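Notes to accompany the following structure.
All figures in this text were calculated on a predicted structure; none of them were measured in a lab. All values below come from the heavy atoms of this structure, side chains included, with hydrogens, waters and symmetry mates left out.
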Amino acid sequence: MDAKELRDKTPDQLREELTRLKKEAFNLRFQQATGALENTARMRVVRRDAARVKTVLNEKAAQAAAE
């Protein structure tokens, strides 16, 4: 997912997406600890997607505060 897609979403949708990504990251960490994780690169992708969502949320908050 790219930031362009995220900017089209509402803040509520972004918070839901962030929650989903955090749950997925937790599950991936659990799989890694038990040795069941097959695609280790997925952890990096999920972390970066969560960071993108947080960035867009902060941008929207700053924009709302400026108005």
Side-chain angles (χ1 to χ4, degrees):
M1 127 183 21
D2 58 352
K4 192 174 192 180
E5 293 174 18
L6 294 174
R7 286 190 179 95
D8 295 335
K9 294 185 177 186
T10 65
D12 289 333
Q13 290 173 325
L14 290 171
R15 285 187 204 95
E16 290 173 11
E17 183 71 20
L18 184 59
T19 302
R20 186 189 66 76
L21 288 167
K22 285 185 175 186
K23 286 180 184 178
E24 184 176 355
F26 173 79
N27 289 331
L28 289 171
R29 284 194 310 270
F30 196 87
Q31 288 176 12
Q32 185 181 31
T34 59
L37 184 62
E38 293 179 7
N39 185 6
T40 56
R42 182 70 185 146
M43 292 180 69
R44 182 178 183 180
V45 171
V46 170
R47 265 197 333 265
R48 287 184 175 196
D49 284 347
R52 280 189 193 98
V53 170
K54 287 180 182 180
T55 300
V56 172
L57 270 171
N58 285 335
E59 286 174 357
K60 286 184 181 279
Q63 185 181 23
E67 292 176 353

Output the distance between atom CD (Glu16) and atom CG (Leu14), rounded to the nearest 0.5 Å.
9.5 Å
With sequence neighbours excluded, tell me which residues meet side chain to side chain donor-acceptor pair (under 3.5 Å) with Arg15.
Asp12
Are Met43 and Leu37 side-chain neighbours, meaning at least one heavy-atom pair lies under 4.5 Å?
yes
Check the surroundings of atom CZ in Arg20: do more than 12 heavy atoms from other residues, nucleotides or ligands lie under 6.0 Å from it?
yes
Do you know which two heavy atoms are closest between Leu57 and Pro11, and how far apart they sit?
CD2-O, 3.9 Å
Sequence neighbours excluded, which residues qualify as side chain to side chain donor-acceptor pair (under 3.5 Å) partners of Arg7?
Glu59
Could you pull out all donor-acceptor pairs under 3.5 Å where a side-chain atom in residues 29-36 meets a protein atom, sequence neighbours excluded?
residue: Thr34; atom: OG1; partner: Phe30; partner atom: O; Å: 3.2
residue: Thr34; atom: OG1; partner: Gln31; partner atom: O; Å: 3.1

Which heavy atom of Asp49 sits nearest to which heavy atom of Met1, and what is that distance?
OD1-O, 3.8 Å
Show the nearest heavy-atom pair for residues Val53 and Leu21, with the distance to one decimal.
CG2-CD1, 4.0 Å
Compare every heavy atom of Ala3 with every heavy atom of Arg52, then report the nearest pair and how far apart it is.
CD-N, 4.3 Å
